[in-house]
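Below you'll find the structure, written out as structure tokens, and then a few comments.
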Amino acid sequence: MPELPEVEHVRRTLVPHLVGRSLTVQTIGRADVIRGADGHRFRRSCRLLRQRLLDGGTVTCLGRLGKHLWIETEGGRRLDVHLGMTGRLTLVRPGRSLTGVPHVHVTWRIGTREQDEYDRLVFQDPRRFGCLRPFGNGAGHQWVILDRLGPDGLTIKARELEARMIARHRPLKAALLDQQIVAGLGNIYVDESLHRAGLHPLTRCCAVNREQYVLLGRSIRAILRQAVVHDGTTLRDYIDSEGRPGRFRSKLKVYGRAGLPCLKCQQPLHTLQVAQRTTVYCPQCQPASL
DNA sequence: AGTTGCGCCTGTATGC
DNA sequence: TGCATACAGGCGCAAC
Ligand SMILES: [Zn+2]
């Protein structure tokens, strides 16, 4: 599932094929995956909607914060892409037919240069937890979503973590899943980060000391960095914009390994429900603190 | 205000 | 063989 490393890898694989090219909206299969700044879903395709989906714009850059990716075009139009659980942003080669491909919600034609490999960009999402969200850069710029995100997980500092968490009573895991505290972590990388830091997922944020926040910050950055290097984690659905899976799955130390021996201490890993999510941890390496 | 729980959504895996 | 059920989980919102 796309968390920060997967989104960053998608961004990097899109850059060489999109920057400097124009986009033309080709099909809108489901307008309701497109949401306004206030969160409302569009009901149907119209000229205004295509305009807001960067129609006719030339791509200047692709940005990312946490799990949010955005495409920017000349003139300052921007489109926030959130992949949710099963969203994909993929490039398609000339001549390849998309008829019969399920859950294709939006397609763009790429104004190609000579020797370009791809001539279309596709947004697919079977589960539809993902969405496309146009926003601008004007005075009333609707950065609403991005404004609410905490510091990016790849570079967040221990002091930033501490400042945002120290007064909270929530379990560590619940806080780390909260995108307003740190942007980019999901279930997989929270479990990996806590295991690396040796912290129990149910530990109250307010019971964590400075030294432990330093360790936690280091762990989050290190895990995310390594995952980016390995092009992210593919469990089943995730592929990058060129159709390639990530290679970080075999590096996971706790996620998906319930009952198997801890790779640090050989004790069997346990599971818990925290914040409505399956949580895998090592009772020995991540002792509960009272 | 901080925190918790629920529902959305579909493909895959499991049980009877 | 086929149907029912459980599970996966990011996020917005309701409720405490
Ligand atoms: Zn251990």
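Every chain is numbered from 1 and lettered A, B, ... according to where its sequence line falls, protein lines coming before strand lines.
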Whole angstrom is fine here: how far is it from [atom1] in [X] over to [atom2] in [N]?
{"X": "A:H40", "N": "C:dG12", "atom1": "NE2", "atom2": "C1'", "answer": "15 Å"}
{"X": "A:L235", "N": "C:dC7", "atom1": "CG", "atom2": "P", "answer": "17 Å"}
{"X": "A:R35", "N": "C:dC11", "atom1": "CZ", "atom2": "C1'", "answer": "9 Å"}
{"X": "A:R41", "N": "B:dG7", "atom1": "CZ", "atom2": "P", "answer": "17 Å"}
{"X": "A:Q124", "N": "B:dT10", "atom1": "CD", "atom2": "P", "answer": "15 Å"}
{"X": "A:D32", "N": "C:dC11", "atom1": "CG", "atom2": "P", "answer": "18 Å"}

Answer yes or no: is there a donor N or O on one side and an acceptor on the other, between the side chain of [X] and the main chain of [Y], under 3.5 Å?
{"X": "A:Q267", "Y": "A:Q284", "answer": "no"}
{"X": "A:Q179", "Y": "A:L177", "answer": "yes"}
{"X": "A:T86", "Y": "A:G84", "answer": "no"}
{"X": "A:Q286", "Y": "A:P283", "answer": "no"}
{"X": "A:R120", "Y": "A:R96", "answer": "yes"}
{"X": "A:D152", "Y": "A:G66", "answer": "yes"}

So, [X] and [Y], do they make that salt bridge, N to O below 4.0 Å?
{"X": "A:R12", "Y": "A:E8", "value": "yes"}
{"X": "A:E72", "Y": "A:R77", "value": "no"}
{"X": "A:D191", "Y": "A:K173", "value": "yes"}
{"X": "A:R88", "Y": "A:D237", "value": "no"}
{"X": "A:R30", "Y": "A:D125", "value": "no"}

Q: Output all residues satisfying side chain to side chain contact (heavy atoms under 4.5 Å, CB included) with A:H9, sequence neighbours left out; order by chain, then residue number.
A: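 Only A:T13, A:D231, A:Y238, A:D240 meet the side chain to side chain contact (heavy atoms under 4.5 Å, CB included) criterion with A:H9.
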
Q) What bend angle does the helix from B:dG2-C:dC16 to B:dC16-C:dG2 show across its length, from five-pair end axes and to the nearest 10 degrees? A) 50°

**Q.** For A:R218, salt bridge (Lys or Arg N to Asp or Glu O under 4.0 Å) partners two or more places apart
**A.** none

Nucleic acid contacts of [range], taken as heavy-atom distances under 4.0 Å to DNA chain C:
{"range": "residues 252-261 of chain A", "value": "A:Y255"}
{"range": "residues 80-92 of chain A", "value": "A:H82, A:M85"}
{"range": "residues 186-193 of chain A", "value": "A:G186, A:N187"}
{"range": "residues 156-185 of chain A", "value": "A:L177, A:Q179"}

Q: Please list, chain by chain and in numerical order, all residues satisfying side-chain hydrogen bond (donor to acceptor under 3.5 Å, both in side chains) with A:R109, sequence neighbours excluded.
A: A:D119

Q) How do A:E3 and A:G39 order along DNA chain C: which one's closest nucleotide is nearer the 5' end? A) A:E3

Q. A:V33 and A:I71: same hydrophobic cluster, using ILVMFWY side-chain contacts below 4.5 Å?
A.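 Looking at the clustering, A:I71 is in the same group as A:V33.
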
Q: Residues of residues 273-281 of chain A with any non-hydrogen atom less than 4.0 angstrom from an atom of DNA chain B: list those, numerically ordered, please.
A: A:Q276

Q.
Hydrogens and angles aside, do A:Y213 and A:E160 bring a side-chain donor and acceptor to less than 3.5 Å of each other?
A. no

(Q) For a quick check under 3.5 Å, do A:T27 and A:T107 share a side-chain donor-acceptor pair by atom type? (A) yes

Q) How would you list all residue pairs meeting side chain to side chain donor-acceptor pair (under 3.5 Å) that involve residues 248-264 of chain A, not counting sequence neighbours? A) none

Give me the distances for all protein-to-nucleotides 11-14 of chain B N/O pairs that come in under 3.5 Å?
residue	atom	partner	partner atom	Å
B:dG11	OP1	A:H103	NE2	2.9

Q | A:V122 side chain reached by A:V106 side chain, heavy atoms, under 4.5 Å | A | no

Q: Verify the neighbour count for atom CZ of A:R247: are there more than 12 heavy atoms of other residues, nucleotides or ligands below 6.0 Å?
A: yes

**Q.** Nonpolar side-chain network containing A:V274, other nodes, edges under 4.5 Å
**A.**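 Result for A:V274 is A:L202, A:L272, A:Y281.
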
